Enquirer: 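Before I ask anything, let me first share the structure, which is written out below as structure tokens.
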Amino acid sequence: MQQQRSVLGGHGQPRVAPRCPLRHAAVQRCKSVVRAEPPKPSGSTADEEKGLLGILPLAAKGQNLDARIQSGEFTDSGSTKERLTRPLRQALAKEPVVGRSLAMTLADLGRQWRAAAAKRMPEARGDIREIVGQPVFVPLYKLFLVYGKIFRLSFGPKSFVIISDPAYAKQILLSNADKYSKGLLSEILDFVMGTGLIPADGDIWKARRRAVVPALHRKYVASMVRMFGECTVHGTGTLDRYAASGEGLDMENYFSRLALDIIGKAVFNYDFDSLTHDDPVIKAVYVLLREAEHRSTAPIAYWNIPGVALLVPRQRRCQEALVVVNDCLDGLIDKCKQLVQEEDIQFSEEFLSDRDPSILHFLLASGDNISSKQLRDDLMTLLIAGHETTAAVLTWTMHILSQHPEATQRIREEVDEVLGDRLPTMEDFARLRYTTRVINESMRLYPQPPVLIRRALEDDTFDQYVVPQGSDIFISVWNLHRSPALWDEPEKFKPERFGPIEGPIPNEVTESFSYLPFGGGRRKCIGDQFALFEAVTALSMLLRRYDFTVDTRKPPVGMTTGATIHTTNGLWMTVKRRDMSGVAPSHSAGAQQAAPRPEPALAMAAAATAQPSPASGAAAPAEAASGGCPFAAAVKAMTGAVATTPATPPGPTAQGA
Ligand code: HEM
């Protein structure tokens with residue numbers, strides 16, 4: 001028990017480049033700026049509202065952004081020269097002949113100054129400490145409501161262009177994608193992803209995308225869907241224990257572990273089994289995830305200073321974690337290479353092995369001739385890209401649903417009808433439409449990641465504004481998804497906003513780049529289908545079986561920034577077995593079971609024992625058939641640290657350090 005505890009615009013709206021009505025506010029004085037408060041998210045808790053909208057506690061300087069916005073400091077003042085000379089011009093105009101002609105010259109100059117000022121991008125200047133300590137997308141949203149769709153944010157010599165417009169986003173991601181690189185992101189992620197797909201640019205990116213995308217073919221995704229269901233069932237053992245004890249559990253931590261188990265199997269056929277235990281590899285993975293987030297929000301790249309890796313404890317831990325994870329990956333790569341040599345299988349387009357259906361196996365079997373370092377970079381990238389994002393989507397969906405019992409009820413009706421108690425298959429997703437819409441809408445309200453990062457490789461023009469080569473750009477997906485100009489009641493949870501439920505699944509194309517849950521253009525997420533199916537599977541199966549209620553003994557939910565949006569203190573919920581007495585036995589229950597699957601009740605009973613079930617791989621021999629990491633196995637053998645390790649929760653709320 002002890003161990004378990006610790007383990008854990010609407011349609012009809014203008015869609016293309018509408019003029020933001022609030023842009024007008026930028027030329028108003030402070031009164032109108034005060035009115036430009038961001039809308040409140042419906043049903044948000046008092047604390048969350050404070051984090052989102054209220055007076056945000058600002059670091060060190062004791063100033064706050066709201067007060068500065070209200071003072072009119074960020075108000076677009078047009079041409080300063082024109083404003084300063086206006087009284088002189090007015091005085092001269094009263095004088096006969098000479099005075100009047102000078103006034104006319106000044107008026108001409110004023111027109112030129114105004115025209116020049118109109119081409120200058122609006123600029124917000126400040127102290128970086130004013131946005132540190134709060135989710136970065138929150139101040140960006142406030143500034144967007146004042147400045148509109150494009151503005152420059154400057155901190156001393158550093159400056160960023162903030163984009164919050166669908167047409168501009170499309171230009172960067174799609175039409176002019178050649179003119180942009182990942183910039184800062186590559187620098188931040190280099191230590192862990194190297195030249196993996198997310199940070200890579202240019203020829204390396206092209207080659208790796210060409211190699212990796214085919215691995216996520218239809219047959220692969222279909223086989224993964226079954227695994228999603230099995231992992232979800234495996235996790236129900238933990239939920240049952242919490243249901244029995246009445247204790248609250250942190251669902252953010254739970255989803256993080258579920259997603260880690262899933263992505264480990266999907267990418268390199270490795271069973272982390274993090275839902276029931278911690279081990280050195282799992283801990284090391286979390287150290288790296290937290291470090292990547294730390295680097296993406298730290299104001300100075302201090303880790304690049306020579307010697308820091310040895311002196312700063314967190315950097316030392318990061319280096320040690322890298323060794324652990326790299327050794328593990330090298331072991332898995334070697335093992336898979338051996339498998340490829342042994343097997344006598346003809347590689348084909350939809351290559352899928354029963355023994356090891358992982359992406360790693362596909363890449364090796366395809367004869368992709370790459371270095372071990374590149375392969376490791378690819379695997380790490382997929383592990384990170386596919387883990388935190390899905391976990392965050394599930395966490396925030398659950399948070400939203402805790403405030404919308406009517407939506408939970410509708411999901412249950414759909415799941416009872418379509419699935420009953422069985423695991424989903426690919427075909428079911430076409431019928432789990434409402435559940436999918438709930439996830440779509442949750443990704444609008446809480447996009448993961450909330451900001452996309454690019455660097456301009458050459459000058460580019462957005463209407464009258466030139467963004468010079470070398471500019472660092474943030475496309476604020478949060479702003480796009482919550483823009484009052486693009487969405488009807490953007491702060492409200494309305495899964496029906498995407499049109500008839502029989503219609504297409506909303507994406508960047510159907511929503512004209514107002515909606516970018518998976519990015520867009522050539523660097524669009526390669527795991528979008530995988531992730532949607534994973535989220536729908538987990539959500540539908542868990543809601544069918546359990547009642548989740550907010551644990552009021554814990555602090556209310558707040559937001560904090562990482563690569564994705566985390567909660568500040570977890571998403572604490574109590575869980576109860578759902579009362580099924582009023583639910584008609586589903587006609588589809590038990591249908592379409594191609595092969596025997598783990599019976600949920602049995603799987604739960606198995607997992608309910610304090611030790612992990614052999615099926616999980618954790619208590620199985622060191623190198624479990626499911627792909628145990630040889631390095632982890634060695635550590636386990638040396639330390640005996642398997643299920644008995646007291647699990648320090650390395651979950652998303654443990655922010656490292
Ligand atoms: C709900 C879950 C997920 C969300 C919200 C998500 C979101 C995104 C977004 C927004 C991007 C574009 C980033 C940019 O343009 O800068 C992206 C890229 C990427 N995603 Fe996902 N993702 C998810 C799941 C996954 C999964 C499961 C995988 C792998 C199995 C994956 C692999 C990738 C990769 C490799 C890229 C980089 C593609 C490239 O640059 O060519 N993602 N993801």
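These numbers were taken from a predicted model, which means no experiment stands behind them. If you read the sequence from its start, that first residue is 1, and numbering goes on from there.
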Enquirer: I'd like to know whether CD of Glu342 has more than 12 heavy-atom contacts from other residues, nucleotides or ligands below 6.0 angstrom.
Expert: yes

Enquirer: Any salt bridge linking Asp261 with Arg257? Criterion: basic side-chain nitrogen under 4.0 Å from a carboxylate oxygen.
Expert: no

Enquirer: Roughly how far apart are Leu260 CG and Tyr270 OH, rounded to 0.5 Å?
Expert: 9.0 Å

Enquirer: Does the distance from a Lys or Arg side-chain N to an Asp or Glu carboxylate O, for Asp240 and Arg545, drop under 4.0 Å?
Expert: no

Enquirer: Can a donor-acceptor pair be found, under 3.5 Å and without considering hydrogens, that links the side chain of Tyr546 to the backbone of Thr236?
Expert: yes

Enquirer: Mind checking whether Phe530 and Val225 have side chains closer than 4.5 Å, heavy atoms only?
Expert: no

Enquirer: Output yes when Lys206 and Asp201 qualify as a salt bridge under the 4.0 Å nitrogen-oxygen rule, no when they do not.
Expert: no

Enquirer: What about Phe474 and Phe137, are their ring centers closer than 6.0 Å?
Expert: no

Enquirer: Would you compute the distance between atom CE of Met224 and atom NZ of Lys219 and round it to the nearest 0.5 angstrom?
Expert: 12.0 Å

Enquirer: Under 4.0 Å between a side-chain nitrogen and a carboxylate oxygen: does that hold for Arg317 and Glu320?
Expert: no

Enquirer: Would you compute the distance between atom CD1 of Ile565 and atom NE2 of His399 and round it to the nearest 0.5 angstrom?
Expert: 11.0 Å

Enquirer: Under 6.0 Å between the ring centres of His217 and Phe351?
Expert: no

Enquirer: Check whether Arg316 reaches the backbone of Leu310 with its side chain - one donor and one acceptor, N or O, closer than 3.5 Å.
Expert: yes

Enquirer: Can you tell whether the side chains of Lys524 and Asp528 come within less than 4.0 Å, N to carboxylate O?
Expert: yes

Enquirer: About how many Å separate CG of Leu329 and SG of Cys336, when rounded to the nearest 0.5 Å?
Expert: 12.0 Å

Enquirer: Inspect the contact between Asp330 and Arg376 and indicate whether a charged nitrogen and a carboxylate oxygen are less than 4.0 angstrom apart.
Expert: yes

Enquirer: Measure the spacing between CD1 of Ile526 and CG of Leu216 and express it to the nearest 0.5 Å.
Expert: 5.0 Å

Enquirer: Roughly how far, to the nearest 0.5 Å, is the NZ atom of Lys373 from the CG atom of Asp378?
Expert: 9.5 Å

Enquirer: If we ignore hydrogens and angles and just use 3.5 Å, is the side chain of Arg523 paired with the main-chain N or O of Ile198 as donor and acceptor?
Expert: yes

Enquirer: With the side chain counted from C-beta on, respond yes when His234 and Thr276 share a heavy-atom pair under 4.5 Å apart, and no when they do not.
Expert: yes

Enquirer: Any chance the rings of His481 and Tyr446 have centres within less than 6.0 Å?
Expert: no

Enquirer: Below 4.5 Å, heavy atoms only, C-beta onward: do Leu571 and Trp396 meet side chain to side chain?
Expert: no

Enquirer: Among side-chain atoms of Gln315 and His294, is any donor-acceptor pair under 3.5 angstrom?
Expert: no

Enquirer: Hey, are the side chains of Tyr286 and Glu291 touching, using non-hydrogen atoms and a 4.5 Å cut-off?
Expert: no

Enquirer: State whether a side-chain donor-acceptor pair under 3.5 Å links Thr395 with Glu252.
Expert: no

Enquirer: Salt-bridge test for Asp472 and Lys158: reply yes if a basic N is under 4.0 Å from a carboxylate O, no otherwise.
Expert: yes

Enquirer: Would you call Arg455-Glu187 a salt bridge at under 4.0 Å N-O?
Expert: yes

Enquirer: In plain terms, say whether Arg218 and Glu350 are close enough for a salt bridge, that is, a side-chain N and a carboxylate O under 4.0 Å apart.
Expert: no

Enquirer: Would you say that Pro447 contacts Pro517 through its side chain, given a criterion of any heavy-atom pair below 4.5 Å between the two side chains?
Expert: no

Enquirer: Whether Lys265 and Asp356 form a salt bridge (side-chain N of Lys/Arg under 4.0 Å from carboxylate O of Asp/Glu) is what I want to check.
Expert: no

Enquirer: Is the distance between the ring centroids of Phe533 and Phe429 under 6.0 Å?
Expert: yes

Enquirer: Grab the two heavy atoms, one from Gly194 and one from Pro199, that are nearest each other, plus how far apart they are.
Expert: O-CG, 3.5 Å

Enquirer: Short question: side chain of Glu534, backbone of Thr390 - any donor-acceptor pair under 3.5 Å?
Expert: no

